[in-house]
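See below for the structure under consideration.
All chains are named by letter (A, B, ...) in the order of the sequence lines, taking the proteins before the strands, and each is independently numbered beginning at 1. Note that these values count all heavy atoms, side chains included, but never hydrogens, waters or copies made by symmetry.
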Protein chains: 2
Amino acid sequence: MRIGELAERAGVSPRALRHYEELGLLPARRRANGYRTYGEEDLRAVAEIRALVGLGLSLEETRPFVECLRAGHPSGASCADSIAVYRQKLAEVDASLARLGAVRAELEAQLHAALRERAPVPRCELTLEEP
Amino acid sequence: MRIGELAERAGVSPRALRHYEELGLLPARRRANGYRTYGEEDLRAVAEIRALVGLGLSLEETRPFVECLRAGHPSGASCADSIAVYRQKLAEVDASLARLGAVRAELEAQLHAALRERAPVPRCELTLEEP
DNA sequence: AGTGGCGTTCACGTCGGCGGCAAGGTCTAG
DNA sequence: CTAGACCTTGCCGCCGACGTGAACGCCACT
């Protein structure tokens with residue numbers, strides 16, 4: 001399979017696949033004419049990469065998963081390094097959630113304060129509704 | 001007050017203040033020698049910018065607030081445009097929270113699945129603890 | 001032989017918010 | 001007079017994940 005077909009089947013651009021190769025994530029065999037050649041296992045690797053990126057991992061962070069796959073394991077998450085990345089990412093997400101939650105509360109407080117300031121002493125309680 | 005003093009008092013770098021000026025966020029008067037000159041209202045403006053950026057707004061998004069302040073309003077959030085930015089940001093934060101929550105659940109599911117795979121049929125229930 | 005549709009490498013552009021450096025001007029204290 | 005502490009403009013660098021375009025090669029079909 002050439003790069004165009006893999007790109008099509010994986011739902012990414014050929015440029016992205018070349019980028020993965022530059023990072024050493026997706027090494028490609030070459031034909032005599034220089035064309036990259038891929039197999040089904042490469043499709044699986046790209047699918048793994050995209051799934052993980054969809055979960056917020058950077059390309060670098062997907063490396064243990066891809067290498068785990070290429071090492072012959074059934075799942076990219078079968079290796080200790082991958083598990084470690086999962087744990088670390090989960091912690092990061094929890095931190096982000098906490099921070100975002102605090103930010104949300106503060107935003108809401110500021111918004112309500114500004115609204116109170118702009119609508120001093122509403123004449124009727126019914127006017128508290130927002131458009 | 002010159003740029004160094006404002007930077008010091010506002011807790012930002014002079015470079016950042018020049019950057020704000022490039023964006024038109026913080027126009028500075030000039031002395032005869034070309035030095036930028038700031039007043040107390042500029043300190044308030046920078047404080048507003050930093051507070052909003054701390055809530056996740058981009059510099060562009062702080063513009064309505066800063067302009068509102070410069071228009072003489074007591075608070076940067078006193079103007080309709082600022083309120084709109086608050087509302088929009090709140091919606092974005094809510095969206096991020098929802099997405100992050102889903103990502104967190106998926107991460108946890110993947111992690112647990114991988115752990116189950118690596119520790120098939122634990123001999124004792126006590127071994128479920130994690131280091 | 002030409003056309004079109006693949007592929008290749010190289011290298012710069014994007015977005016945000018500055019950091020950092022160079023080359024020079026300005027002011028103040030000793 | 002000079003050191004040094006400030007200021008100025010200008011421009012490149014950074015991070016990540018590619019997009020985009022140039023300039024070219026390869027191959028199949030007509």
Open item on the list: Which residue is it: B:E8, B:R9, B:R2? I am looking for the one with a side-chain contact (heavy atoms from CB on, under 4.5 Å) to B:E5.
Closed with: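 Of the listed options, the one satisfying the test is B:R9.
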[X] [atom1] - [N] [atom2] separation (whole Å):
X: A:I3; N: D:dC18; atom1: CD1; atom2: P; result: 13 Å
X: B:N33; N: C:dT28; atom1: CG; atom2: C1'; result: 13 Å
X: B:E21; N: C:dC18; atom1: CD; atom2: C1'; result: 15 Å
X: B:L6; N: D:dC7; atom1: CG; atom2: C1'; result: 14 Å
X: B:E22; N: D:dT9; atom1: CD; atom2: C1'; result: 10 Å
X: A:L23; N: D:dG16; atom1: CG; atom2: P; result: 10 Å
X: B:L25; N: C:dC18; atom1: CG; atom2: P; result: 10 Å
X: A:E8; N: C:dG7; atom1: CD; atom2: C1'; result: 16 Å

Task: Listed nucleotide nearest any side-chain atom of B:R2, set D:dC7, C:dT9, C:dG7 - done: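 Out of D:dC7, C:dT9, C:dG7, the nucleotide with an atom closest to B:R2's side chain is D:dC7.
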- [ ] Counting heavy atoms from C-beta on, name the nucleotide in C:dC18, D:dT9, D:dC18 closest to the side chain of B:A16.
- [x]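 Looking only at side-chain atoms, B:A16 lies closest to C:dC18.
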TODO: Taking only Lys NZ, Arg NE, NH1 and NH2, and the carboxylate oxygens of Asp or Glu, determine whether B:E67 and B:R70 approach each other closer than 4.0 Å.
DONE: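 No, no charged N to carboxylate O under 4.0 Å.
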Open item on the list: Please determine whether a side-chain nitrogen of the Lys or Arg among B:R44 and B:E40 lies less than 4.0 Å from a carboxylate oxygen of the Asp or Glu.
Closed with: no
Open item on the list: With heavy-atom distances below 4.5 Å as the criterion, would you say the side chains of B:L115 and A:R87 are in contact?
Closed with: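 Yes, at least one pair of side-chain atoms sits under 4.5 Å.
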TODO: Describe the nucleic acid contact of B:R18 in one word from base, sugar-phosphate, nothing, applying a heavy-atom distance below 4.0 Å.
DONE: base
- [ ] Name the nucleic acid region contacted by A:R31, choosing base, sugar-phosphate or nothing; use a 4.0 angstrom heavy-atom cut-off, strictly under.
- [x] nothing
- [ ] With DNA chain C as reference, determine whether B:P14 or A:R36 sits nearer its 5' end, using the nearest nucleotide of each.
- [x]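 That would be A:R36.
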TODO: Kindly determine whether A:E106 and B:K89 satisfy salt bridge (Lys or Arg N to Asp or Glu O under 4.0 Å), including the steps that lead there.
DONE: CA-CA 11 Å; A:E106 180 68 14; B:K89 210 64 196 177; over 6 Å; no
Dump every N/O contact between nucleotides 21-25 of chain D and the protein below 3.5 Å, one line per pair.
from   : atom 1 : to    : atom 2 : distance (Å)
D:dG25 : N2     : A:Y35 : OH     : 2.8

